[in-house]
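Remarks on the structure that follows.
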Amino acid sequence: MPLSSIALSFVLAAQAGPLPARSRPIPSQLQAQLLYSAALAGDWLVNNQEKRTLGNQPFNGDYGRWLYEYKPKEGTWRGSVCWTTGTGIMALSLLDQRFGSPRYKDAMKRASRYLKSLQILDSRNGLTYGALREMDQLSDFIFPRDGATGALGGYLALYRVTGEKDYLERAGLFANWFLKNAINPSTNWPYWSVPLDGTPADTSDRRTAPFQAGSGLFFYHLYKVTGKRIYFDKGVIPLAEGLLANVGRENNITTFYSTGGLSQTKANNDDFASLTLLAAYRETGDKRYWDVAARRLDYLMGIQRENGSLVPGNTAGLYVSGLTALDALELAAEKGLEMDRERVETFIRRCAEYGATFQETRPDDVKAFGGFYGQINLQEFRREWIHARPTNYSVIFNLRYEGTIKVPYYSIFGWD
């Protein structure tokens, strides 16, 4: 396949890193593939970021954004939003750690300016103070689940790599806003969306879905960084308990996605809700949380085809599932739990191998080159559009699986 000279040079320079200790070490050819794919995805992020300036000033409010999605056949695209900015920052920080390049640091700095421009710091209205806008500076709403990823991937990741307390303060402001304004008292679950025009959220909107429980990972990391237990007690446990209540009510792990009447029973992307369960178990020792997460993983392994696909689903779900499985392996080892490690590692390897087939490696279209096709739930994956979700997740997963550096993102580990 065509090779990016930048990506290839990084792989050749970094390939000598030690392989992680596993029951079955990954082959060196797969290690090289993981590194190359991650570097190429990094090219996609950097190449498609808005960088234009007028003198030393940003050209417009899109400064720092990259692509959210791109449809090659139509030639249409739109810019990143709060959460895909967060996932991109996580990816870039790992690429910088693994390969080392000023271009990654520069891209993170640009992205941080855009992300900060989305946060409302006008304290005159407590309903909005600390929130992130969904898409741009004019957006008058937020999907709370998206905002949690923006704050996790953007602010906590940037604080981790820079040590600048401004990012930690911003993460705390968002967390406080979320706990006060993003939980619907009629469901005790995050709102589907919250208005940011100064008006209260609609408590009669009872739309819920288990993927929203993935917000708990942000609160778990913030708790670990700050030591403030409230973020765990109020931000992790209620979400974990909500998942348990739903699974217990249905008594069927295939309906893990069925909360409050919204059913997506066989989708493979739980948006890291299972990691919230693993975080709750790790902190409390309450094995109920582990049991449900383990059942969910067993279900996913049961629907995986020989070629690695999880159908129906989307390419991003491969990486969500793979990252969850990697954490489950590590947590089982930490807690001394029995697990069929060989089966889980086979599942992870297949996710990696199949997911890589959806990366665009032809260099003739810069908006596609290095990006991943996917996003929506499909019976069969199709190359319809490039999307930031699988692209950014792939970097995090590939570098975690490759194992040379510590990867704390989309993981309950690395924040103690």
Side-chain angles (χ1 to χ4, degrees), residues 4-7 40-72 74-93 95-96 99-124 128-142 146-147 149-151 153-155 157-159 161-167 169-171 173-174 196-197 363-371 386-388 391-392 395:
S4 158
S5 59
I6 295 176
L40 200 62
D43 287 351
W44 181 82
L45 282 168
V46 176
N47 292 341
N48 288 291
Q49 187 178 43
E50 175 60 74
K51 312 177 186 68
R52 292 176 296 169
T53 59
L54 291 172
N56 62 352
Q57 294 298 310
F59 182 75
N60 57 33
D62 284 341
Y63 184 80
R65 295 175 83 175
W66 36 72
L67 298 181
Y68 179 75
E69 63 185 11
Y70 169 59
K71 299 181 180 180
E74 300 176 9
T76 59
W77 58 276
R78 59 187 177 115
S80 61
V81 298
C82 65
W83 72 271
T84 51
T85 302
T87 59
I89 288 171
M90 285 190 281
L92 289 167
S93 72
L95 288 165
D96 178 57
F99 300 124
S101 171
R103 63 202 301 266
Y104 298 139
K105 285 188 173 67
D106 291 343
M108 280 191 287
K109 289 178 182 178
R110 288 188 289 265
S112 73
R113 295 189 65 166
Y114 162 68
L115 187 66
K116 287 192 289 186
S117 77
L118 300 182
Q119 190 164 28
I120 300 173
L121 298 182
D122 183 345
S123 61
R124 291 176 296 178
T128 62
Y129 181 58
L132 285 171
R133 298 187 185 275
E134 180 69 24
M135 294 181 292
D136 56 38
Q137 299 87 351
L138 301 180
S139 294
D140 61 0
F141 76 101
I142 180 66
D146 291 357
T149 297
Y155 295 147
L158 287 164
Y159 173 68
V161 299
T162 69
E164 295 179 19
K165 291 195 175 178
D166 176 58
Y167 295 122
E169 291 172 359
R170 286 174 176 272
L173 289 173
F174 176 82
L196 296 178
D197 59 1
D364 54 324
D365 185 344
V366 69
K367 285 187 172 62
F369 182 46
I386 298 289
H387 202 282
T391 306
N392 296 345
V395 175

Q.
Once rounded to the nearest 0.5 Å, what's the spacing between atom NZ of Lys367 and atom NZ of Lys71?
A. 15.0 Å

(Q) Under a 3.5 Å distance rule, please check whether Glu164 uses its side chain to pair with a backbone N or O of Tyr159 as donor and acceptor. (A) no

Q. Taking the side chain as C-beta and beyond, is there a heavy-atom pair between Val46 and Lys51 under 4.5 Å?
A. yes

**Q.** Pair listing, side chain to side chain donor-acceptor pair (under 3.5 Å) test, anchored in residues 55-65, at least two apart
**A.** Asp62-Arg65, Arg65-Tyr114

**Q.** Parallel, tilted or perpendicular: rings of Tyr68 and His387 (30°, 60°)
**A.** perpendicular

Q | Shortest non-hydrogen contact from Trp44 toward Val366 | A | CD1-O, 4.2 Å

Q) Just by distance, do the side chain of Thr84 and the backbone of Ser80 share a donor-acceptor pair under 3.5 Å? A) no

Q: Can you sort out the partners of Arg113 under salt bridge (charged side-chain N to carboxylate O under 4.0 Å, His left out), two or more places apart, ordered by chain and number?
A: none

Q | Set of residues satisfying salt bridge (charged side-chain N to carboxylate O under 4.0 Å, His left out) with respect to Glu50, sequence neighbours excluded | A | Arg52

(Q) Nearest 0.5 angstrom please: Leu115 CG to Met108 CE, how far? (A) 13.5 Å

Q.
What I'd like to find out is whether the side chain of Tyr129 reaches to under 4.5 Å of the side chain of Arg124, using heavy atoms alone.
A. no

Q) Do the non-hydrogen side-chain atoms of Leu67 and Ile386 ever get within less than 4.5 Å of each other? A) no

Q. How long is the span from the CE atom in Met90 to the CG atom in Leu95, to the nearest 0.5 Å?
A. 12.5 Å

Q.
So, taking the atom named CH2 in Trp66 and the one named OG1 in Thr85, what distance separates them when rounded to the nearest 0.5 Å?
A. 6.0 Å

Q) Going from OG1 on Thr391 to CD on Glu69, what distance comes out if it is rounded to the nearest 0.5 angstrom? A) 11.5 Å

Q: Determine, stepwise, if the pair Leu40 / Phe369 fulfils side chain to side chain contact (heavy atoms under 4.5 Å, CB included).
A: CA-CA 8 Å; Leu40 200 62; Phe369 182 46; 3.5 Å; yes

Q: Evaluate side chain to side chain contact (heavy atoms under 4.5 Å, CB included) for Leu173 paired with Tyr155, printing each intermediate quantity in order.
A: CA-CA 11 Å; Leu173 289 173; Tyr155 295 147; over 6 Å; no

Q | Considering all heavy atoms, the nearest Ile142-Cys82 contact | A | CD1-SG, 3.8 Å

(Q) Out of the candidates Asn392, Leu45, Leu92, only one should pair with Thr87 under the side-chain contact (heavy atoms from CB on, under 4.5 Å) rule; please name it. (A) Asn392

(Q) Which heavy atom of Ile89 sits nearest to which heavy atom of Ala157, and what is that distance? (A) CG2-CB, 4.3 Å

Q: Would you mind checking if Asp166 and Arg170 are paired as a salt bridge, meaning a charged N to carboxylate O distance below 4.0 Å?
A: yes

Q: Would you check if Arg103 and Asp43 make a side-chain contact, meaning some heavy-atom pair closer than 4.5 Å?
A: yes

Q: Tell me yes or no: between the side chains of Glu134 and Ser139, is some donor less than 3.5 Å from an acceptor?
A: no

(Q) Ignoring hydrogens and geometry beyond distance, is a side-chain donor-acceptor pair present between Tyr70 and Asp365 at under 3.5 Å? (A) yes

(Q) Check whether Gln137 reaches the backbone of Gly61 with its side chain - one donor and one acceptor, N or O, closer than 3.5 Å. (A) yes

